[in-house]
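Chain naming here is simple, since letters A, B, ... match the order of the sequence lines and numbering starts at 1 in each.
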Number of protein chains: 2
Amino acid sequence: MNEPLGTRGSSARDIVYAGLREQILSLELPPGTALSEKDSAAAFGVSRTPVREAFLRLAQEQLVQVLPQRGTFVSLIDPELVEEARFMREQLERAVIRLACAGFPPLSLSALRDNLAAQQDAMTRLDDRKLFELDEAFHRTLFEGCGKLNTWSVIQQMNLHLNRARLLRLATDPHWSHLYEQHAAMAEAIADGREEAADDLMRQHLRLGIADQELLKKEYPHYFKPEKENAQ
Amino acid sequence: MNEPLGTRGSSARDIVYAGLREQILSLELPPGTALSEKDSAAAFGVSRTPVREAFLRLAQEQLVQVLPQRGTFVSLIDPELVEEARFMREQLERAVIRLACAGFPPLSLSALRDNLAAQQDAMTRLDDRKLFELDEAFHRTLFEGCGKLNTWSVIQQMNLHLNRARLLRLATDPHWSHLYEQHAAMAEAIADGREEAADDLMRQHLRLGIADQELLKKEYPHYFKPEKENAQ
DNA sequence: AAGCGATTACTTCCATCCTAGCATGCCGGT
DNA sequence: ACCGGCATGCTAGGATGGAAGTAATCGCTT
């Protein structure tokens, strides 16, 4: 009676969660879209219970908003939340790269270098998807080397909101070569223990990906939450 | 047929969640304790569904661990997680207090001062509970004044783990007068825009509350997660 | 007595059903 | 024409029974 259950993650709840999250982050389900336990249950071929639990988790991550007895809706993009996600990531990544300069396991350092090589390779192949993965892996390795993997997973959750905003200006052309230069410079700074330089590089690096929020808000006003509110 | 449902929070799910969280954080349910949907449902006088959803939320916050088809257990205290929570809080609070020095709304500044007065008052009354609240409110006001309330709520979630570790060494006697001095000094530094001083104060301030983890691990070894693991 | 397979008692997971509350539109009164 | 009250169809919240899985124990075999 069970379908292939393609998206691995074993439990029905996780499958629904992963599926919906993907659709929300890719804007396939644009902000404001009404969801319903019943419909989603039908769409995924499961009962309402796992759907409900997936909704709950998405609500905790502020990706949907559930109004009892009214419905569940894909959250509008909250500019404050996006900016704070960026803020937190910047603070944490800068602190970590300073730690890395003070002492970084050789194994992780060579992982960074391997990653850089792979980035070059992917650039020649214009493999954007792979580059995105490698970018993530690069930063992850930074945290791993500093024994701060839990911090990294917190950042990844923040990134949900950043990414959704980022995706709006698709055809995004993220200047991969520029990013690569920064990554390479960071790795060298770590190897040489140049804290200030590394910090500076990271700050610039993280400010790159920021879209002009204002511009986006003009273009897709109904995707954004109005400034004035008393959320929660 | 329904009981008074005393603990406000409207939904049964929230009541169960809040109740369990309280018991876990107060160590009334010590790390390692086995929970069960059925028992908790009976204890709270609700059905298994809201209990299950509360478990799910607690699991996301890493306060419990649910092993499918085996049981749900209060998480062991993960020293890494505690240390990283402290780390993240330090980075974010320091960044925010620097922001505050660069510009802080007069209204929030006077809120800080009112809070300080209330702290003095509570100290004379030896009202520890109130002091704890005021301490939280003080920091919250910092974030509020900088427009970083979302960041504050992330920190609060981190604090779950910090607090559980902190509670172990109860009879904690947190040297309130010392904390008050630091708070007062921070408020002044903000008023005067002395970034470096404020940063330094905050760093010291946040390193106060740290228990000697090692000592605690010796005393309650079975409450802690062993070092070696490949969690998550 | 020791080893090992079947059973049993437990868990979480999921499906289904029922309930309560909100929104909309009809309908009658003014 | 407008406005108040009600019927109806929606929603999520909660309760419950059974399915799937794990782990420990009992009982048989050797």
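With rounding to whole Å, B/Asp39 atom CG is found 14 Å from C/dA9 atom C1'. Remark: P of D/dG13 and CG of A/Leu56 are 7 Å apart, rounded to the nearest angstrom. One interatomic measurement links the two molecules: CG of B/Leu58 to C1' of C/dT12, which rounds to 16 Å at whole-angstrom precision. Put simply, CD on B/Glu53 is 14 Å from P on C/dT12, counting in whole angstrom units. Rounding to whole angstrom units, CD1 of residue A/Ile15 and C1' of C/dC14 are separated by 13 Å. Between B/Lys38 atom NZ and D/dA15 atom P there is a gap of 16 Å when expressed in whole angstrom units.
Shown here are the side-chain contact (heavy atoms from CB on, under 4.5 Å) partners of A/Val154, two or more places apart in sequence or in another chain: A/Met158, B/Met88, B/Met158. Considering only residues two or more places apart in sequence or on other chains, B/Ala137 meets the side-chain contact (heavy atoms from CB on, under 4.5 Å) condition with B/Asn115. With sequence neighbours excluded, the residues that form a side-chain contact (heavy atoms from CB on, under 4.5 Å) with A/Leu29 are A/Leu20, A/Gln23, A/Ile24, A/Thr33, A/Leu35, A/Val74. With sequence neighbours excluded, the residues satisfying side-chain contact (heavy atoms from CB on, under 4.5 Å) with B/Phe104 are B/Ala100, B/Ser108, B/Leu109, B/Leu112, B/Leu142, B/Cys146, B/Ile190.
In this structure, B/Ser36 reaches the sugar-phosphate backbone alone: every heavy-atom distance under 4.0 Å involves primed, P, OP1 or OP2 atoms, never a base.
The stretch residues 62-74 of chain A touches DNA chain C through A/Gln69, A/Arg70, each having a heavy atom under 4.0 angstrom from the strand.
Identified under the salt bridge (Lys or Arg N to Asp or Glu O under 4.0 Å) test for residues 135-147 of chain B, with sequence neighbours left out: B/Arg140-B/Glu144.
For B/Glu37, whose side chain is taken as the heavy atoms from C-beta onward, the closest listed nucleotide among D/dA12, D/dA15, C/dT12 is C/dT12. When distances run from any side-chain atom of A/Arg13 to the nucleotides D/dA15, C/dC14, D/dT11, the shortest one goes to C/dC14. The side chain of B/Arg48 has C/dC13 as its nearest neighbour among D/dA15, D/dG13, C/dC13.
A/His183 and A/His139 have perpendicular rings, their planes meeting at more than 60° on a 0 to 90° scale where under 30° would count as parallel.
OP1 or OP2 of D/dA12 has not a single side-chain nitrogen or oxygen of A/Arg52 nearer than 4.0 Å. For D/dA15, one of the phosphate oxygens OP1 or OP2 lies less than 4.0 angstrom from a side-chain nitrogen or oxygen of B/Ser47.
Around the CD atom of B/Gln65, the shell of radius 6.0 Å holds no more than 12 heavy atoms that belong to other residues, nucleotides or ligands.
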